[in-house]
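Written out below as structure tokens is the structure these notes cover.
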Amino acid sequence: MQTVSVALGPSADRTYAVRIGPALLETVGAAVREVLPKVTHIALITDRTVDRIYGDRVAAALTAAGLPVHRAVVRPGEPSKSVRQADQLWGELIAAGADRRWAVVALGGGVIGDLAGFVAATLLRGLPLVQVPTTLLAQVDSSVGGKVGVNHKLGKNLIGAFHQPRLVLADTDTLATLPRREITAGLGEVVKYGFIGDRPFLDDLSATLPELRSQPDSARWPQIVAHSVRAKAAVVQADEHETGVRATLNFGHTVGHALEAVTRYKRFKHGEAVLIGMRAALDLSCGTGHLPETERDRGFELLDRLPVGPTVADLSLDETLAATGHDKKAEGGQARFVLLDGALGQATLPTAVDPDLVRDALRRLGLR
Ligand code: NAD
Ligand code: GLY
């Protein structure tokens, strides 16, 4: 097992561990007891698919550690990240007798982590949260850093909070049951770390992407997840509340979020939308004079190894352009983009870009 510490000020209390490796699900009961000794009950929030594969094992590990479990199971998929679903969970947990001695365990992908984290942040003005991520995307990104929330019909993640977990347990064995499409989507967030700050990591990954896509049981996952989590932890430690450098984690997300919004969060996996969005961001980095064409093309080649199934060809360019203005980084309705600066591995803070250039970049993605 590898442990990455997320050190948050000002009190050491807020520092937490991300444990990464195989066979960690069975340790969840003892681990929760260790970090949250006063907790008496667990709200285990998961989705139906994850529950079917891992729910009993996790519930048994918690119960064996003397922690009674209320299991709340929601529908898999992005539409569950809604105020309506959160409201249903608030009601269910209040009816089950939740009080301040309860903790929330989020077992699943980023949808569950964000939704259950939002419920934990808001119920009884905040319950402790433990993240047990089971997708690659959630292990490398969403379970770490404390962003929790739900979507609004006008945009992605517009309702939410910062609520750091007290512990993250990333059991890399769970990746073995992930469909290839989810692995590709997760790899989108992995390569993002390379694009924004780690050229050697990008070069290392580049040759192995096809193999990783086809091997959800690859022995390389613990190392890849740990490397990604270290990258995320460094950024979160430097700027927990996104007043500066944390915004670079949104590379590819301005167009990515817009594509998700115009397709009502149904067509693309989040990581797929980010993969397409990174292509647009590379294009804009070059178009604004920040990035040489050779570097842009090197970035495109890498993204070619992570093909996205769903098409953008039928999407309205005007609607998508307008949706970029609802992104959280937008100011006064004008979209801002994290761009690459000089070379792959170096990013700018969000930067306003001429809408005509954005229009051209969307057209090159295939939108009309
Ligand atoms: P997801 O949670 O929808 O999971 C994808 C699918 O995989 C689901 O159908 C799920 O049931 C299934 N699944 C999960 N684990 C499995 C396993 N081990 N085996 C088999 N099936 C499994 O999607 P995701 O890609 O994990 O997360 C996407 C969400 O994360 C988006 O809503 C995005 O906005 C959010 N996100 C949040 C942050 C953050 O910092 N909070 C960062 C990145 C993304
Ligand atoms: N996934 C972006 C962030 O955590 O800031």
Side-chain angles (χ1 to χ4, degrees), residues 6 25 45-55 57-58 73-82 106-118 121 129 131-151 155-158 160-165 168 170-190 192-193 196 216-217 221 228-229 231-233 235-236 238-253 256-257 260-261 265-266 268-275 328-329 338 350:
V6 185
L25 286 189
I45 302 181
T46 187
D47 74 30
R48 213 164 41 219
T49 305
V50 178
D51 185 50
R52 219 172 28 236
I53 313 175
Y54 300 110
R57 273 161 65 187
V58 172
V73 183
V74 308
R75 272 183 195 215
E78 193 70 32
S80 284
K81 236 179 83 173
S82 64
L107 172 69
V111 164
I112 289 300
D114 285 10
L115 170 70
F118 181 62
L129 171 68
Q131 294 272 11
V132 184
T134 62
T135 63
L136 179 60
L137 182 138
Q139 295 191 355
V140 299
D141 189 353
S142 60
S143 63
V144 178
K147 281 189 181 176
V148 297
V150 294
N151 300 324
K156 176 96 176 154
N157 297 335
L158 291 183
F162 287 99
H163 188 61
Q164 297 288 345
V168 181
D171 185 335
T172 48
D173 283 346
T174 61
L175 304 180
T177 54
L178 263 190
R180 179 189 287 200
R181 191 173 166 197
E182 303 295 347
I183 293 282
T184 303
L187 283 168
E189 299 281 16
V190 172
K192 176 189 80 181
Y193 294 120
I196 63 172
D217 57 352
W221 289 128
S228 304
V229 168
K232 176 130 190 197
V235 173
V236 170
D239 177 25
E240 183 181 356
H241 295 114
E242 199 169 308
T243 55
V245 69
R246 184 163 180 171
T248 60
L249 294 174
N250 286 309
F251 178 63
H253 285 55
H257 284 165
E260 286 184 276
Y265 310 111
K266 288 190 181 130
F268 301 102
K269 304 278 162 195
H270 173 70
E272 292 175 332
V274 170
L275 279 165
K328 283 198 294 331
K329 293 180 297 306
V338 176

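All ligand and atom numbering here is 1-based and tracks the order in the structure.
In the candidate list L178, D47, T49, D47 is nearest to atom 8 (C) of ligand 1, counting heavy atoms. Relative to atom 43 (C) of ligand 1, the option among D51, I112, D141 with the closest non-hydrogen atom is D141. Between H270, E78, R52, it is E78 that holds the heavy atom closest to atom 32 (O) of ligand 1. With S142, G108, G256, G188 as candidates, the residue nearest to atom 38 (C) of ligand 1 on a non-hydrogen basis is S142. Of the candidates R48, K232, E260, K232 brings a heavy atom nearest to atom 40 (O) of ligand 1.
Distances from ligand 1 to the non-hydrogen atoms of Y54 include at least one value under 4.0 Å. Residue K156 places a heavy atom under 4.0 Å from ligand 1.
For ligand 2 and K232, the ligand atoms under 4.0 Å from any heavy atom of the residue are 1 (N), 3 (C), 4 (O). Under a 4.0 Å criterion applied to the non-hydrogen atoms of T174, ligand 1 contributes the atoms 17 (C), 18 (N). Listed by number with element, the atoms of ligand 1 under 4.0 angstrom from any heavy atom of G109 are 2 (O), 26 (O). Using a 4.0 Å cut-off to heavy atoms of T177, the atoms of ligand 1 that qualify are 17 (C), 18 (N), 19 (N), 20 (C). Which parts of ligand 2 touch D141 is read off a 4.0 Å heavy-atom cut-off, strictly below it: atoms 1 (N). Remark: ligand 2 atoms within the under-4.0 Å shell around heavy atoms of L249 are 2 (C), 3 (C), 5 (O).
At a 3.5 angstrom cut-off on N or O pairs, K192 does not count as close to ligand 2. Among the atoms of E189, none of the N or O lies under 3.5 angstrom from an N or O of ligand 1. For a threshold of 3.5 Å applied to N or O pairs, the pair formed by G110 and ligand 1 contains at least one separation below that value.
Contact annotation: for I53 versus ligand 1, heavy atoms closer than 4.0 Å belong to the side chain alone. With a 4.0 Å heavy-atom cut-off, ligand 1 is reached by the backbone of V111 and by its side chain too. Of the heavy atoms in V236, none comes closer than 4.0 Å to ligand 2. When non-hydrogen atoms are compared, ligand 1 lies under 4.0 Å from the side chain of D114 (C-beta onward) but not from its backbone. Using a 4.0 Å cut-off between heavy atoms, V144 makes no contact with ligand 1 at all.
The nearest protein atom to atom 13 (N) of ligand 1, hydrogens excluded, is given as V50 CG2, 3.8 Å; this is a heavy-atom distance. The protein atom (non-hydrogen) at minimum distance from atom 28 (C) of ligand 1 is L137 CD2, 3.9 Å.
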Derivation and outcome, side-chain contact (heavy atoms from CB on, under 4.5 Å), residues T174 and W221: CA-CA 11 Å; T174 61; W221 289 128; over 6 Å; no
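Between the side chains of Y54 and T177, at least one donor N or O lies within less than 3.5 Å of an accepting N or O.
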